[in-house]
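Read the structure below first, then the notes.
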Amino acid sequence: MPTELTLAHSPDADDAFMFYALAKERIDTGGLRFEHILSDIETLNQKALESTYDVTAISFHAYAYLHQRYALLRCGSSFGDGYGPLLVASKPVPPDRSALARIRVAVPGTLTSAYLLLKLFAPETETVTVAFDEIPEAVARGRVEAGLLIHEGQLTYAQAGLQPVLDLGAWWQKETGLPVPLGGLAVRRQLEPELVRRVAAAVEASIRFALDHRDEALAHALQFGRGLSTALGDKFVGMYVNQWTLDCGPRGQQAIELLLDRAFHAGLIPARVPVNLWPA
């Protein structure tokens, strides 16, 4: 009998691309069967606080509150290499801390890494939580002065008449010389180490299959692209499914550790967090 596990991730083109081979049973999973649960990342962060799913995408910010429940895998992560969460507005806004302290910013959730990066850059900024795919409209309609975009909104904001204010991924790289750590794939610590190893192998195989069979995986992923053209969909997938996703490596681990250390020293998370990646 196959071992059945729940696998929760976002209904976005990059995650759909990454998990295509698992969802469509295009690879040998070594006796594992995954039930895919699709939900936005902030909901997944909240669900992980209750240890709801066996394997789940989480924000690295959320890991600060989850590390006793979940372990991070080496594969399945999203990093921005010189780009990342994008602050946009309908009118010009200076990209400095004093200006941002005077406006309200729509954010996709207070456990997201995007929110944490914004607070590291401009701690006095007032934020309001809005569903990630509703943020462009909230900014365009004047409900807030600016919005923090994740997912495909980073490429399509101009369609809503918005303009860029600050790329927090570019700011992070300038500050640290490292890619910006956004989210990872986590497994419940209650799972046996051998099962975790098998899960990691299956996820890595799924990512490799997608990268090696890009056209068919991309065709599947574009079903979740919320209007992305093939060209933009391909660009978006390439931004967040790449060598960092196969194995974030020592530099990726260093980036996660630095993000959480800076968050602790800024008083944005309650404790320092050890970052240990599986398999060790």
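Note that the coordinates shown come from a computational prediction; the quantities given were computed from them, not determined experimentally. Computed from heavy atoms alone, side chains included, the values below leave out hydrogens, waters and symmetry copies.
- Using a 4.5 Å heavy-atom cutoff, the side chains of V196 and L73 are in contact.
- Rounded to the nearest 0.5 Å, atoms NE2 (H61) and CG (L182) are 13.0 Å apart.
- Side-chain N or O atoms of S90 include none that pairs as donor or acceptor with a backbone N or O of L162 at under 3.5 Å.
- A donor-acceptor distance shorter than 3.5 angstrom exists from the side chain of K119 to the backbone of T125, with no hydrogens or angles considered.
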- Would F79 and F60 satisfy ring pair (Phe, Tyr, Trp, His ring centres under 6.0 Å), going step by step from the backbone distance to the final call? CA-CA 10 Å; F79 286 77; F60 286 128; 5.8 Å; yes

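- Checked options E216, H220, H213; the residue passing with R26 is E216 (criterion: side-chain hydrogen bond (donor to acceptor under 3.5 Å, both in side chains)).
- Shortest non-hydrogen contact noted between S10 and L38 is O-CD2, 4.5 Å.
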- Under the side chain to side chain contact (heavy atoms under 4.5 Å, CB included) rule, what do N45 and Y65 come out as? Steps first, then yes or no, please. CA-CA 9 Å; N45 290 333; Y65 303 90; over 6 Å; no

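- Here CZ of F132 is found 12.0 Å from OG1 of T112. Values are rounded to the nearest 0.5 Å.
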- Message: Using side chain to side chain contact (heavy atoms under 4.5 Å, CB included), reason through V128 and R143 one step at a time and then give a plain yes or no.
- Response: CA-CA 10 Å; V128 55; R143 290 171 49 198; over 6 Å; no

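- There is a side-chain donor-acceptor pair under 3.5 Å between S51 and R69.
- Residues M18 and D15 are in side-chain contact: their nearest non-hydrogen atoms beyond the backbone lie under 4.5 Å apart.
- A 4.5 Å side-chain heavy-atom check between F264 and V273 finds every atom pair outside the cut-off.
- Looking at R208 and E204, a side-chain N of the basic residue comes within less than 4.0 Å of a carboxylate O on the acidic one, giving a salt bridge.
- Counting heavy atoms from C-beta outward, L118 and P85 have side chains that stay 4.5 Å or more apart.
- In the hydrophobic cluster analysis, where Ile, Leu, Val, Met, Phe, Trp and Tyr join through side-chain heavy atoms closer than 4.5 angstrom, L22 is grouped together with L191.
- Without hydrogens or angle criteria, R97 side chain to E124 main chain gives no donor-acceptor distance under 3.5 Å.
- Minimum interatomic distance between W244 and G252 (heavy atoms only, all atoms of both residues): CZ3-N, 3.7 Å.
- Residues V237 and I150 are members of separate hydrophobic clusters, defined by side-chain heavy-atom contacts under 4.5 angstrom among Ile, Leu, Val, Met, Phe, Trp and Tyr.
- Listed by chain and number, the residues in a side chain to side chain donor-acceptor pair (under 3.5 Å) with E35 amount to none (sequence neighbours excluded).
- Here the straight-line distance linking atom CD1 of I58 with atom OH of Y53 works out to 14.0 Å at 0.5 Å rounding.
- The aromatic rings of H151 and F236 sit perpendicular to each other, their planes meeting at more than 60°, with 30° as the lower class boundary.
- Using a 4.5 Å cut-off on side-chain heavy atoms (C-beta onward), V88 and I135 make no contact.
- Within the 4.5 Å cutoff, the side chain of T110 has heavy atoms near those of the E42 side chain.
- Under the 4.5 Å side-chain heavy-atom criterion for Ile, Leu, Val, Met, Phe, Trp and Tyr, V139 and V105 are members of distinct hydrophobic clusters.
- Here the CG-CG distance, from L111 to L44, works out to 11.5 Å after rounding to the nearest 0.5 Å.
- A continuous path of hydrophobic side-chain contacts links Y20 to I207 [ILVMFWY only; heavy atoms under 4.5 Å].
- Of all heavy-atom pairs spanning C248 and L277, the tightest one is SG-CD1, 3.4 Å.
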- Using the side chain to side chain contact (heavy atoms under 4.5 Å, CB included) rule, take C75 and L246 through it: C-alpha gap first, then chi angles, then the decisive distance, then the call. CA-CA 5 Å; C75 58; L246 281 170; 5.8 Å; no

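- No donor-acceptor pair under 3.5 Å is formed between the side chain of Y63 and the backbone N or O of G184.
- No side-chain heavy atom of E175 sits less than 4.5 Å from a side-chain heavy atom of F121.
- Nearest heavy-atom pair across A160 and P136 is CB-CB, 4.3 Å.
- Around CD of Q190, the count of heavy atoms belonging to other residues, nucleotides or ligands within 6.0 Å does not exceed 12.
- Not a single donor-acceptor pair under 3.5 Å links the side chain of D261 to the backbone N or O of R272.
- A distance-only check finds no donor-acceptor pair linking the side chain of W278 to the backbone of R197 [under 3.5 Å].
- Residue L211 is not grouped with residue F224 when hydrophobic side chains (ILVMFWY) are merged at heavy-atom distances under 4.5 angstrom, including chains of intermediate members.
- Pairs of residues two or more places apart, or lying in two chains, that qualify as side chain to side chain donor-acceptor pair (under 3.5 Å) and include a residue from residues 232-242 are Q154-Y240, R214-D234.
- Note that CG of D54 and CG of L5 are 5.0 Å apart. Values are rounded to the nearest 0.5 Å.
- Nearest heavy atoms, S39 versus P11: O-CD, 3.3 Å.
- Taking the six-membered ring where tryptophan is involved, the planes of H36 and F19 are perpendicular, since the angle between them exceeds 60° and thus also 30°.
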- Query: side chain to side chain contact (heavy atoms under 4.5 Å, CB included) between Q173 and V180: does it pass, once the steps are laid out?
  - Reply: CA-CA 7 Å; Q173 187 176 67; V180 63; over 6 Å; no

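- The OG1 atom of T176 sits 6.5 Å away from atom CZ of R262, with the distance rounded to the nearest 0.5 Å.
- Using a 4.5 Å heavy-atom cutoff, the side chains of L117 and W171 are in contact.
- Around CZ of R33, the count of heavy atoms belonging to other residues, nucleotides or ligands within 6.0 Å does not exceed 12.
- Panel note: side chain R102, backbone S98; a donor-acceptor pair is recorded below 3.5 Å.
- Minimum heavy-atom separation, P94 to A99: O-CB, 3.5 Å.
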